[in-house]
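Inspection log for the structure reproduced underneath, given as structure tokens.
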Amino acid sequence: MKQDRQIVGLTGGIGSGKSTVAALFAEHGAGIIDTDAIAHRLTQTGGEAIAAIRAAFGGSCLTADGALDRARMRGLIFSDAAAKQRLEQILHPLIFEQAEAQLQELQTSPYILVVVPLLPESRTFRQLVQRVLVVDCDENLQIARVIGRSSLTEAEVRAIIARQTPRADRLRLADDVIHNDAGLDSLAGQATILHERYAETAKMQNSN
């Protein structure tokens, strides 16, 4: 699909600060597509993915009101690689389809950030974006942030990190890196510098 805007893929490990960084770029006027938010909509009560999830996994993976039981599903896919693959085969095409639709709606934005936690593993999304922006921080800081915002234990967070793309591999994939280990002011400053670069690149693209 041909795009008239510059598309940047934003990724990072759990607790790295992807949502905070995306919000900073949104303040500068960037178009934001959050694939986690899309996934949540697809798996809420009445969501587009629920029927397929029920068919693949049974009603035990749904809550009483018919939404995805995230805690139960997380436990299942952590212990069963085949279950993880089945869930991805249901969700990933739907997520990409909705992301493409949002791209069309955001064509007036100077550039677009697509927030994709699994970007390193997703060939489809990597082919869509022109640049990869990685939000990076120390692993211990990741763990502390996730524990602080959720009911997950340290062991559970470490298990999630262990199943994600290794930090070094993410950084090798990066065209740009934002370091999120020195507070919001530092984060905002880095976002501003990259915003100016992306906006200038987008302006040059559009003038060609």
Side-chain angles (χ1 to χ4, degrees), residues 7 9-26 30-106 112-126 128-129 135 142-165 170 180:
I7 305 171
L10 189 158
T11 194
I14 186 172
S16 60
K18 296 181 294 297
S19 296
T20 302
V21 169
L24 290 168
F25 278 97
I32 306 295
I33 298 172
D34 186 337
T35 60
D36 265 354
I38 293 173
H40 275 75
R41 286 195 297 274
L42 290 169
T43 55
Q44 66 188 8
T45 305
E48 194 176 333
I50 292 299
I53 290 171
R54 182 185 288 109
F57 298 99
S60 62
C61 282
L62 303 179
T63 62
D65 62 356
L68 177 67
D69 186 329
R70 300 183 194 288
R72 185 181 290 272
M73 182 60 77
R74 184 168 57 242
L76 175 62
I77 64 177
F78 266 59
S79 61
D80 185 344
K84 178 176 183 287
Q85 187 175 26
R86 283 203 308 278
L87 182 64
E88 289 175 347
Q89 286 171 345
I90 292 168
L91 287 179
H92 287 187
L94 293 172
I95 291 170
F96 188 75
E97 179 183 307
Q98 295 204 10
E100 281 192 313
Q102 290 186 31
L103 281 171
Q104 295 304 315
E105 296 166 4
L106 292 170
I112 299 165
L113 256 65
V114 185
V115 186
V116 189
L118 299 178
L119 183 64
E121 298 99 312
S122 175
R123 181 178 299 178
T124 307
F125 272 105
R126 288 207 316 274
L128 179 69
V129 305
V135 184
Q142 282 182 263
I143 294 166
R145 285 174 179 155
V146 178
I147 291 173
R149 75 185 190 201
S150 72
S151 59
L152 296 174
T153 66
E154 179 177 342
E156 288 171 328
V157 179
R158 287 189 182 278
I160 292 171
I161 290 173
R163 291 178 72 94
Q164 294 186 326
T165 299
R170 269 197 308 271
N180 187 12

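Basis for what follows: all heavy atoms, side chains included, without hydrogens, waters or symmetry-related copies.
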Would you find a donor on one side and an acceptor on the other, under 3.5 Å apart, between the side chain of [X] and the backbone of [Y]?
{"X": "T63", "Y": "L68", "value": "no"}
{"X": "R41", "Y": "G47", "value": "no"}
{"X": "S122", "Y": "L118", "value": "no"}
{"X": "R170", "Y": "T165", "value": "yes"}

Validation row: [X], [Y] side chains within 4.5 angstrom (heavy atoms):
{"X": "V21", "Y": "K18", "answer": "no"}
{"X": "T43", "Y": "L91", "answer": "yes"}
{"X": "I95", "Y": "F125", "answer": "yes"}
{"X": "R145", "Y": "T20", "answer": "no"}
{"X": "L103", "Y": "L128", "answer": "yes"}
{"X": "I38", "Y": "Q102", "answer": "yes"}

Please determine whether side chain to side chain contact (heavy atoms under 4.5 Å, CB included) holds for the pair Q142 and V157, giving the CA-CA distance in whole Å, both sets of side-chain angles, and the decisive distance to 0.1 Å. CA-CA 9 Å; Q142 282 182 263; V157 179; 5.9 Å; no
For the atom pair [atom1] ([X]) and [atom2] ([Y]), what is the distance rounded to the nearest 0.5 Å?
{"X": "M73", "Y": "K84", "atom1": "CE", "atom2": "NZ", "answer": "12.5 Å"}
{"X": "E48", "Y": "E97", "atom1": "CD", "atom2": "CD", "answer": "6.0 Å"}
{"X": "F57", "Y": "I90", "atom1": "CZ", "atom2": "CD1", "answer": "5.0 Å"}
{"X": "T35", "Y": "L94", "atom1": "OG1", "atom2": "CG", "answer": "13.0 Å"}
{"X": "I147", "Y": "L152", "atom1": "CD1", "atom2": "CG", "answer": "8.5 Å"}

What's the shortest heavy-atom distance between [X] and [Y], and which atoms?
{"X": "L119", "Y": "R126", "value": "O-CG, 3.2 Å"}
{"X": "T11", "Y": "P120", "value": "OG1-CD, 3.8 Å"}
{"X": "I32", "Y": "A22", "value": "CD1-O, 3.5 Å"}
{"X": "L76", "Y": "A83", "value": "CG-CB, 3.9 Å"}
{"X": "I14", "Y": "Q164", "value": "N-OE1, 3.0 Å"}

Sort and list the pairs that fulfil salt bridge (charged side-chain N to carboxylate O under 4.0 Å, His left out) and have at least one residue in residues 59-78, not counting sequence neighbours.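 As it turns out, the salt bridge (charged side-chain N to carboxylate O under 4.0 Å, His left out) pairs with a partner in residues 59-78, which skip direct neighbours, are D69-R72.
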May I have the step-by-step check of side chain to side chain contact (heavy atoms under 4.5 Å, CB included) for I33 and I7, ending in yes or no? CA-CA 10 Å; I33 298 172; I7 305 171; over 6 Å; no
Is the number of heavy atoms from other residues, nucleotides or ligands under 6.0 Å of R149 CZ greater than 12?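 Yes, enclosed.
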Between F78 and I160, does a side chain to side chain contact (heavy atoms under 4.5 Å, CB included) hold up when you go through it step by step? CA-CA 8 Å; F78 266 59; I160 292 171; 3.3 Å; yes
With side chain to side chain contact (heavy atoms under 4.5 Å, CB included) as the test, would you mind laying out the steps for F25 and V115 before giving the verdict? CA-CA 11 Å; F25 278 97; V115 186; over 6 Å; no
